[in-house]
Structures are given as C-alpha cells and as structure tokens.
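Structure record follows, encoded as structure tokens.
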Amino acid sequence: MDTRHLPNLLGLFRIVATPALYVLIAFGTPTGDLSAVVLLLLMAASDIADGRIARRLKVVSPLGVFLDTISDKIFVAGALLPMVERGLIPGWAALIIIIREFAVSGLRSYAAAEGEVIAARQWGKQKLVFTVAALIWCLVDAAVRASPGAPGALLTLASLWPLVLGIALIWTIGSGVEYFWKAMPLLRR
C-alpha cells in the first residue's frame with residue numbers, strides 16, 4: 001500500500017466503522033458500551049492522525065479535506081443516535097450538536113461556492129475533543145452502572161459525564177457562533 005493514501009483511508013475507516021459503532025452502542029450491554037469506547041478512541045485517534053500524516057507527507061487534497069470533515073460528523077451522529085434511543089443523552093443535546101454541524105458545513109459549502117475557504121478553527125477542533133470525551137465518559141458510566149459490584153468512587157467519577165457534555169455543548173455553540181461571526185463579511189455580500 002502506498003503511504004500517500006493513508007490519510008484518506010483513515011477518513012474512510014471512520015465512515016465504514018460508524019455502523020459498527022452504532023450497533024455496539026445500541027446493544028445496551030456493558031461489553032457493547034466498552035467496545036464502543038475502544039472504537040471511539042480509535043476513531044478519534046485516526047482523526048488526529050490523518051491531517052498530520054497528510055501534511056507530513058505533503059498529500060493534502062480536496063478529497064482528504066472532504067473525508068476528514070464528513071467522517072467526523074458521521075461518526076459523532078452515529079454515536080449520538082443510539083445514545084439518545086437508549087436515553088443516555090438527551091435528544092435536545094444531540095440536536096444542538098447535529099444542527100451546528102449542518103449549519104457550519106452549509107456555511108463552508110457556501111463560502112467554497114463563493115471562492116473562499118473557511119478553514120477549521122481552534123474552537124471547532126476542541127469541540128470535537130470535548131464531544132468525543134463526553135460520549136466516551138457517558139458510555140463508561142452506562143457500563144459501570146450496569147456492572148454489579150462497581151466501586152462507589154468509580155460510580156461517582158463516571159457520573160460526572162454531564163459536566164463534560166455541558167462543556168461540549170458550550171464549545172459546540174461557541175464554535176458555531178465563531179464560524180458565522182467570522183463569515184459575516186461574506187454573508188453580507
């Protein structure tokens with residue numbers, strides 16, 4: 001395999017692995033939840049690695065940028081939906097995350113049609129980290145609660161995941177506002 005294709009293959013991995021992530025979470029078992037945690041960690045690691053590898057190998061391409069952008073949204077939605085179905089995460093929180101993703105993607109597409117590029121911003125990158133951390137923490141909490149004899153300290157620590165989700169939602173809204181604020185000159189034309 002040509003290493004130049006590795007960044008795009010990592011993006012494809014996240015897309016192709018999303019149905020497995022959905023199924024693992026939908027099972028609603030401690031084993032399924034912990035397996036989903038491992039898969040989410042692999043997906044997040046691949047997201048961090050693909051851009052760095054592409055820049056290091058000097059193989060950044062429009063296809064790679066597209067795959068990186070869309071695969072993030074796909075795997076986050078693929079985790080959120082079964083978590084909402086199971087009642088682990090409130091539907092309104094998932095809706096805020098998904099709406100922001102559609103809105104920013106639409107804004108970036110509009111900018112591209114106007115010949116401008118809206119690059120990923122720091123808040124947006126941090127938002128993904130907080131979101132994935134909240135999803136992982138919530139799944140660990142579900143697995144711990146379903147396991148008999150879990151230590152009280154672990155139960156307490158695991159139950160703090162809503163704080164991380166709150167931070168993720170603040171970053172989700174803040175990063176969305178930042179994208180639109182910075183794009184105001186483009187939108188006013």
Side-chain angles (χ1 to χ4, degrees), residues 6-7 9-53 67-102 104 120 122-176:
L6 184 58
L9 291 173
L10 290 172
L12 283 172
F13 156 71
R14 291 192 297 280
I15 293 169
V16 171
T18 297
L21 178 66
Y22 182 97
V23 168
L24 288 170
I25 296 170
F27 277 155
T29 65
T31 302
D33 289 342
L34 294 177
S35 298
V37 165
V38 171
L39 186 53
L40 269 169
L41 287 169
L42 287 172
M43 293 169 121
S46 76
D47 182 46
I48 292 167
D50 65 0
R52 290 180 180 172
I53 293 169
L67 286 172
D68 184 46
T69 303
I70 198 72
S71 64
D72 298 348
K73 289 151 186 47
I74 290 170
F75 91 79
V76 168
L80 285 169
L81 292 174
M83 292 175 84
V84 169
E85 288 174 4
R86 286 180 52 196
L88 298 176
I89 288 182
W92 61 265
L95 184 63
I96 288 171
I97 293 167
I98 292 170
I99 286 174
R100 183 263 183 214
E101 296 301 338
F102 275 106
V104 170
Q122 198 59 36
W123 269 56
K125 293 175 183 178
Q126 293 168 349
K127 178 260 324 161
L128 182 63
V129 170
F130 286 127
T131 301
V132 171
L135 298 176
I136 288 171
W137 205 323
C138 179
L139 288 168
V140 168
D141 180 56
V144 167
R145 291 194 182 290
S147 301
L154 183 58
L155 285 167
T156 301
L157 181 62
S159 71
L160 296 176
W161 71 266
L163 297 174
V164 183
L165 180 61
I167 293 168
L169 290 172
I170 290 167
W171 252 255
T172 295
I173 294 166
S175 67

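Between Glu101 and Val76 there is no side-chain heavy-atom pair separated by less than 4.5 Å. Between Asp72 and Arg14 there is a side-chain heavy-atom pair separated by less than 4.5 Å. Arg145 is not listed as a side-chain neighbour of Pro30, based on a closest heavy-atom distance of 4.5 Å or more. Contact annotation: the side chain of Phe75 approaches that of Leu40 to within less than 4.5 Å [non-hydrogen atoms, C-beta and beyond]. You'll find the side chain of Met43 stays beyond 4.5 Å of the side chain of Val132, heavy atoms only. Looking only at side-chain heavy atoms (C-beta outward), Ile53 and Asp50 stay at 4.5 Å or farther from each other.
Cys138 and Ile89 make their closest contact through SG-CG1, 4.1 Å (heavy atoms, listed as atom of the first residue, atom of the second, distance). Of all heavy-atom pairs between Ile170 and Trp123, the closest is O-CZ3, 4.0 Å. For the residue pair Tyr22 and Glu85, the shortest heavy atom distance occurs at OH-OE2, 2.7 Å. When all heavy atoms of Arg86 and Asp33 are compared, the closest pair comes out as NH1-OD1, 2.6 Å. The shortest non-hydrogen separation linking Leu10 to Ala49 is CD1-CB, 4.2 Å. Nearest approach of Ala168 to Lys127, heavy atoms of both residues: O-CG, 4.3 Å.
Residue Ile25 holds its CD1 atom at 7.0 Å from CG of Leu135, rounded to the nearest 0.5 Å. Annotation: the span from Lys125 atom NZ to Asp47 atom CG amounts to 10.0 Å, rounded to 0.5 Å. Between Thr29 atom OG1 and Leu34 atom CG the span is 8.5 Å, to the nearest 0.5 Å. To the nearest 0.5 angstrom, Leu95 atom CG is 14.0 Å from Arg100 atom CZ. For the atom pair OG1 of Thr131 and CG of Leu80, the computed distance is 8.0 Å after rounding to the nearest 0.5 Å. Distance CG/Leu88 to CG/Leu165: 11.5 Å, rounded to 0.5 Å.
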(Q) Between Leu139 and Met83, is the side chain to side chain contact (heavy atoms under 4.5 Å, CB included) condition met? List the steps. (A) CA-CA 9 Å; Leu139 288 168; Met83 292 175 84; 3.9 Å; yes

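Heavy-atom neighbours of Phe27 CZ from other residues, nucleotides or ligands within 6.0 Å: at or below the threshold of 12.
Side chain of Trp137 to backbone of Leu157: a donor-acceptor contact under 3.5 angstrom is found.
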